[in-house]
Amino acid sequence: MTERLLRYFRDKQQDIQSEKTYDTQCPFCSMQCKMQLVEQTIVTRKKYTAIGIDNPTTQGRLCMKGMNAHQHALNSSRITRPLLKKNGEFMPVSWEEALKHIKDQVTMIQQEYGHDAMAVYGSASITNEEAYLLGKFARVGLQTKYIDYNGRLCMSAAATAANQTFGADRGLTNPLSDIPHTRVIILAGTNIAECQPTIMPYFEKAKENGAYIIAIDPRETATTKIADLHLKIKPGTDAALANALVKIMIDEQLVNEDFIRSRTNGFAELKQHTDALSLNDISEQTSVPLAHMRKAAVKFAKETSGMLFTARGIEQQTDGTAAVKGFLNMVLITGKIGKPYSGYGAITGQGNGQGAREHGQKADQLPGYRSIENEEHRSHIAKVWGIHQDDLPRKGVSAYEMMEKINDGDIKGLFLMCSNPAVSSPNANLVKKALRKLTFFVAIDLFISETAKYADVILPASSYLEDEGTMTNVEGRVTLREASRPCPGEAKHDWQIICEIASALGKGRYFSYTSAEDIFNELREASRGGIADYSGITYDRLRHEGGIHWPCPEPDHPGTERLFTDSFAHPDQKAALSVIPNEPAVPKEKPTADYPLYLTTGRVMSHYLTGVQTRKSAALTARHFESFMEIHPQTAASFHIEDRVLVKIESPRGSITVRSKLSEQIRKDTVFVPIHWADAQNVNDLIGEALDPACKMPGFKVCAVRIRPI
């Protein structure tokens with residue numbers, strides 16, 4: 001009897017329980033961890049579990065964001081039908097009605113104001129195929145020069161510095177597998193422990209193997225805790241610190257003369273510049289003791305191998321390009337590049353921050369990392385796209401400058417894909433003001449974000465669980481994100497939406513794709529012969545090999561793990577050393593009597609970018625449900641601020657209200673606020689509109705503020 005009952009209950013459980021699995025990749029940081037979502041149905045209840053899958057980059061690791069990413073994709077507030085604003089309210093409509101409305105409005109605007117009255121604002125979270133297609137849509141579908149993307153606010157300084165120094169930009173010049181074996185590591189302005197947690201084991205292994213780690217950050221973080229030496233720099237003085245380290249290496253004859261002579265240009269000018277600098281002055285300017293600067297410089301120069309990593313801390317400044325080039329001078333004069341266990345890495349922020357900047361979303365760029373102003377490059381892309389070269393628009397302006405042009409009335413219509421500039425842009429109040437001025441605004445997204453609420457039409461996109469395509473991770477490894485879960489409701493893939501809009505505008509013959517792979521095969525041809533050459537990569541290869549480093553020019557090419565082994569990408573095959581001023585060309589705000597403190601910004605582990613996705617996750621929101629201001633206890637006492645109280649922070653642009661968090665891990669002249677919240681907690685309301693002249697990066701990391709308790 002007992003056995004019969006057990007068999008009955010076993011059979012009953014099989015009747016009421018089923019299991020499905022979906023292979024995918026985490027949608028968040030640039031590690032692009034491979035994962036599988038397991039969906040179990042028990043009676044009417046569904047249970048979801050994320051499992052890491054072994055892969056060459058992260059070996060199956062997941063962080064808390066990856067383990068909970070499905071919570072936003074399955075959130076009940078997702079848009080699943082096109083929405084059209086009628087009488088100030090969003091109303092569900094058919095795709096047919098939405099597309100007709102888009103056609104009518106775009107046609108009206110361009111007939112009255114010209115092609116350039118429309119603009120496109122892209123994303124570094126979409127696939128390579130969709131980034132490629134969005135650039136083509138702007139230039140062929142709309143025939144506008146105005147396209148840029150949110151990666152401008154993330155990777156532009158590092159990308160410009162690498163292009164100017166090496167002639168090419170790829171996240172890492174060498175594979176991640178080099179890290180555990182290198183002898184010395186510099187982490188400049190990067191908090192990888194919270195921003196890219198699954199990369200940390202590489203550095204922990206390096207530490208176990210005896211590597212010496214130097215961290216440069218105005219705060220003590222989970223990352224600086226692994227460092228042997230922490231340079232607690234004054235915000236905004238990174239370029240000066242780089243100059244000091246270079247000067248020490250040159251003065252103490254710790255440079256690689258053979259490498260400098262055979263593989264670089266500009267050393268004589270660099271030496272003349274550093275000879276005139278005072279280390280004592282730089283020590284005072286940066287607040288880094290001279291003894292610590294000397295220790296860092298000597299250690300990096302003397303070791304047989306070394307790696308330098310930069311991230312937003314030094315890049316998101318009005319001299320971010322110069323600061324990165326200053327640190328790259330260190331790599332070059334010591335010869336620590338193009339050989340095993342040595343090189344440079346720009347720690348990419350967004351999931352596809354690398355691939356999204358390679359294939360045409362940037363204002364001045366065409367697929368394959370080509371220049372839109374280069375006639376040979378224009379000719380190649382025009383042939384691939386089947387248009388006349390003269391019909392290809394010239395370069396436009398950067399992301400924030402597009403917002404200024406909207407505010408000035410030069411741009412009347414906007415297509416926005418998977419981005420939230422009303423929160424992520426500097427001087428965010430101006431951006432919101434500009435968006436309200438648009439004649440017509442289309443947003444393509446998963447949710448009604450703080451930006452999408454200004455739109456006239458919102459089109460429902462697909463999530464990482466549903467949208468197949470390639471991504472390029474932090475080390476320049478192209479991976480294939482499988483995605484087999486059906487789109488909810490009437491949502492469509494981003495690439496399908498672009499194609500349908502192009503068709504409605506009468507340009508369907510240029511966008512007649514049937515799959516993401518179909519688009520990728522055209523991207524391969526467009527990139528052929530370019531710096532970022534994907535022409536030898538196929539979906540089949542990616543499935544079998546787990547990822548391939550570009551450049552990969554032939555189907556039998558293994559991919560290029562290590563760049564610059566014999567030459568750099570400039571025409572003369574040499575790298576360019578740069579003379580970097582201690583003070584930026586665009587002055588940075590410094591504390592005054594009215595605004596006596598530095599403000600710097602960054603991330604926390606449980607959230608991502610503007611929080612549109614992660615704030616839809618109950619598990620992640622529970623860890624950080626509101627923003628905060630990190631402040632030193634002595635500084636707090638001088639402003640009569642206690643722990644965990646509401647504080648008003650003001651800059652010349654605006655004010656926000658957040659909760660205080662006392663911490664001895666931050667400089668006494670600096671406060672820190674994370675970037676993931678909107679409205680009254682949006683720290684970017686405080687940030688100035690000044691841009692890096694080389695790359696148009698805003699100065700997110702340095703701002704002068706005043707504070708008071710509420």
What's the verdict on salt bridge (Lys or Arg N to Asp or Glu O under 4.0 Å) for K100 and E97, showing C-alpha distance, side-chain angles and the deciding distance?
CA-CA 5 Å; K100 182 180 185 306; E97 183 177 350; over 6 Å; no
Ignoring hydrogens and geometry beyond distance, is a side-chain donor-acceptor pair present between Q25 and T479 at under 3.5 Å?
yes
Spatial distance of atom CG (N521) from atom CD (E129) [nearest 0.5 Å]
9.5 Å
For the backbone of Q317 and the side chain of K588, can you confirm whether one donor and one acceptor N or O come within less than 3.5 Å of each other?
no
Looking at CG of D494 and CG of L459, how far apart are the two atoms once the value is rounded to the nearest 0.5 Å?
10.0 Å
Salt bridge (Lys or Arg N to Asp or Glu O under 4.0 Å) partners for E689, two or more places apart
none
Measure from the side-chain N and O atoms of Q316 to the backbone N and O of L153, and report whether any donor-acceptor pair falls under 3.5 Å.
yes
Angle between ring planes, W495 versus H493, binned at 30° and 60°: parallel, tilted or perpendicular?
parallel
Quick one: pull up CD1 in I498 and CG in L134 and give me the separation to the nearest 0.5 Å.
4.5 Å
Looking at E112 and K412, does any basic side-chain N land under 4.0 Å from a carboxylate oxygen?
no
When you check the side-chain N and O atoms of Q354 and E358, is any donor under 3.5 Å from an acceptor?
yes
Strictly by ring-ring contact (aromatic ring centres under 6.0 Å, His included), give each pair with a member in residues 386-441 just once, sequence neighbours left out.
H101-F440, F137-F415
Can a donor-acceptor pair be found between the side chains of E401 and S398 at a distance below 3.5 Å?
yes
With a 4.5 Å limit on heavy-atom distance, are the side chains of R312 and C195 in contact?
no
Does a side chain donor of either E466 or S463 reach within less than 3.5 Å of an acceptor in the other side chain?
yes
side-chain hydrogen bond (donor to acceptor under 3.5 Å, both in side chains) evaluation trace for Y539 with T470
CA-CA 8 Å; Y539 272 34; T470 61; 5.3 Å; no
Taking atom CZ of F520 and atom CG of L542, what is their separation to the nearest 0.5 Å?
6.0 Å
Heavy atoms of R357 and G171 approach each other most closely as NH2-N, 4.1 Å
With under 30° as parallel and over 60° as perpendicular, where do the rings of H359 and Y534 fit, or are they tilted in between?
perpendicular
Do Q105 and T439 pair up side chain to side chain, a donor and an acceptor below 3.5 Å, judged on atom types alone?
no
Determine whether the side chains of D540 and T538 contain a donor N or O and an acceptor N or O closer than 3.5 Å.
no
Taken to the nearest 0.5 Å, the spacing of Q613 CD from S125 OG works out to 6.5 Å
